[in-house]
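So the structure is just underneath, and the comments pick up after that.
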Amino acid sequence: MSSSQPFIPSSPISPSAGHLRKSKYTFKHLSQLALSSPACPLRVIAHIDLDAFYAQCEGVRLGIAEDQPLAVQQWQGLIAINYPARKFGLSRFIDISEAKKLCPSIILQHVATWREGDAKWAYHEDAFAHIATHKVSLDPYRLESRRILSTIKDVLPAAPVQRVEKASVDEVFLDLSAQIHSILLERYPEISGPAPYDDPTESLPRPPTTALDWNTDALVDLDNHETEDDDPDWDDIAMLVGSEIVSSVRAAIRERLKYTCSAGIARNKMIAKLGSAHKKPNQQTIVRNRAVQQFMGGFKFTKIRNLGGKLGEDVVAKFGTEEVKELLDVSLPQLKSKLGDDTGSWVYEIIRGEDSSEVNSRTQIKSMLSAKSFRPTINSSDQAVKWLRIFVADIFSRLVEEGVLEHKRRPKTINLHHRQGGQMRSRQAPIPSGRALDENVLFEIAKNLLGQIIVDGRAWPCANLQLSVGGFEEGPTGNRGIGGFLVRGEEAKAMKRESEAHASEHGELRAEKRPKNEHGAIQRFLSRQETSHGDSDEDISSIPTHPDIRSVPPDVSRDGQQPKCDDGPPQPASSDTFTCSVCQTILPLMQREEHEDWHFAKSIVAAEKGDPSHQAWTAHGARPKTTTATRRLGASNVNGGHSQKKVAKGQSRLAFG
DNA sequence: GTGGATGAG
DNA sequence: CGCTCATCCAC
């Protein structure tokens, strides 16, 4: 027969025969569509991306003409450039003076900022001149993002059909499958009935169309004639319906809020995202299933989500190409052997346009952060504490927007990150539940965390501080736990008592309890400052103190000096004595708290004075016999507890700093 | 649960 | 680039 020769008919299938053939898809696939199943071959995902979002926000807010070049300024840099300005060659990595040269007519709008002591962020005329005293606020954009999101939710059908995932401040993913399913049933009653013989594996009839009107801004075209000339199947119809929905969403955003956006419509999140970037601004791109291979083949795989960083670099290094097309020649076993089974499989699938990740209905944030880079660096806890106040004001105001006051949502943890040289460190603490959350509570915890970081290692000069809250709980907070009725400080003491009681069963302080106890000492110390706050200025110590972090003299030493450190081998602690992990002195257990607090206070004072010989006492001091305790509390950035690699990295950076 | 790293925009 | 947000993983 003709099968021995590659005979290709010039006119393969007549239009009238088209709908007599069967679809590639079955009734089963159709019902999967209703459930937004990630395995459904008919599913349709959209990615919507606001065009130059921050710039649009400012343009709309200020009522600036849409063709006017405009960029959003942050200090001396640009963080968003609208499309008219891009025509002048402006990019994100140039500064404002270069921008003005390239485009003299540009409007540069500085982002809103928080000023110390202010109750709210504001747009300040000369904000760029106050980098040392202001911090950037992106709140205006978060608020607009929220309005856009609610517009999207408003025009789409209600849950559970509606699936909207907030991917970033200016991006969302939509799973349109379930909505498309119901539209298909309305428009094409012939597929709405039960499957023939009630067999879900029965193929669907072909769609009754031979030419679709792809009335969209951009459709990924096909080179491949054998697929291009095929009649449309249900996946094409589904995409087209999806595109209609996306058009209506974009129109609503445009009409109600004046923002333009671009969108991609495809069978999964990965391709939809590539699609939305394909043509911008204010356009949408459909990537039909039959166009996927060709569409993907033209990309560098480093453009694919999750391959833009170290992983992508690694793949390039190992396979000597950054083209999707060339990586397609690498077999699955090859990928697995060089990248590991999981990553290898993932890469294998993703470059073939397969991505079964779900659109998670999630529009609320999971954490919030307030941060500042210091140029120049800051050098005292005094300065740092001032920034903490601003961070707390910023975060708390955002928490109020999240409905903390109405007990809608509430964060469980708070975290302080700190950067010194190349070293990034952070400490976190639970946010006590059971009582109302206010700015002061957060501020006190933040100060405690700062104290921990200072005492824990080299803190100055500090190049960056970030305060964040996370672990949000929904709904009104439940009844307080056992510790709920204890005041702060007392609670820590109770924990310590419990801990020591447990340890004493074994006749010694157990190693794994040490970290908790040391942190406890720090917190007790700082809690005391809290209680003695606001009173008088009386000096309670011979050690120079900071108003926020005061020191307490140890009982054992009237002259303010601890017993001198001893280089000899540490002696075993008995049940009524302890060995100080810093100076290795054996002291009565009763004095342990005070003694540790004294070390802590001293280290902070020393750090304040920039005295390197007193910095990081936990790091350079004696090494407790334990491993976990050492790593947990202090040895993390010296050659004491971590891997060779990390030590070398940290030290080389320090050497340059 | 904690702290560091990575990735995206 | 600076400021966010999210996820993963070793501990």
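Numbered from 1 within each chain, the chains take letters A, B, ... in sequence-line order. All of these numbers come straight from a predicted model, not from anything done at the bench.
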| query | Hey, does Ile94(A) reach any base, or is it just sugar-phosphate, or nothing, if we go heavy atoms under 4.0 Å? | reply | nothing

| Thr413(A): what forms a side chain to side chain donor-acceptor pair (under 3.5 Å) with it, not counting sequence neighbours? | none

| query | Hey, is the side chain of Lys135(A) poking within less than 4.0 Å of OP1 or OP2 on dT4(C), counting only N and O atoms? | reply | yes

| task | Tell me what Gly308(A) touches on the nucleic acid: a base, only sugar-phosphate, or nothing, going by heavy atoms under 4.0 Å. | result | sugar-phosphate

| task | Provide the full list of salt bridge (Lys or Arg N to Asp or Glu O under 4.0 Å) pairs with a residue in residues 116-136 of chain A, sequence neighbours left out, each pair given once. | result | Arg115(A)-Asp118(A), Lys135(A)-Asp394(A)

| message | One thing to verify: whether Glu444(A) and Lys447(A) come together as a salt bridge, which I'm taking to mean a side-chain N less than 4.0 angstrom from a carboxylate O. | response | yes

| task | Could you name each residue pair satisfying salt bridge (Lys or Arg N to Asp or Glu O under 4.0 Å) that touches residues 164-173 of chain A, not counting sequence neighbours? | result | Glu165(A)-Lys269(A), Glu165(A)-Arg362(A), Glu171(A)-Lys273(A)

| task | Using a heavy-atom cut-off of under 4.0 Å over every strand shown, decide if Asp170(A) touches base, sugar-phosphate, or nothing. | result | sugar-phosphate

| Partner residues of Tyr348(A) under the side chain to side chain donor-acceptor pair (under 3.5 Å) criterion, sequence neighbours left out | none

| request: Would you please name every residue forming a side chain to side chain donor-acceptor pair (under 3.5 Å) with Asp355(A), sequence neighbours left out? | output: Ser357(A)

| request: Answer with base, sugar-phosphate or nothing: what part of the nucleic acid does Arg375(A) contact at a heavy-atom distance below 4.0 Å? | output: sugar-phosphate

| query | When all nucleic acid strands are considered with a 4.0 Å heavy-atom cut-off, which category describes Gln76(A): base, sugar-phosphate, or nothing? | reply | nothing

| said: The side chain of Leu311(A) is closest to which nucleotide in this list: dG2(C), dG7(B), dT4(C)? | reply: dG7(B)

For nucleotides 6-10 of chain C, print each protein N/O atom paired with a nucleotide N/O atom at under 3.5 Å, atom names and distance only.
from, atom 1, to, atom 2, distance (Å)
dA6(C), OP1, Lys366(A), N, 2.7
dA6(C), OP2, Lys366(A), N, 3.1
dA6(C), OP2, Ser367(A), N, 2.8
dA6(C), OP2, Ser367(A), OG, 2.9
dT7(C), OP1, Lys366(A), NZ, 2.9
dT7(C), OP2, Lys366(A), NZ, 2.8

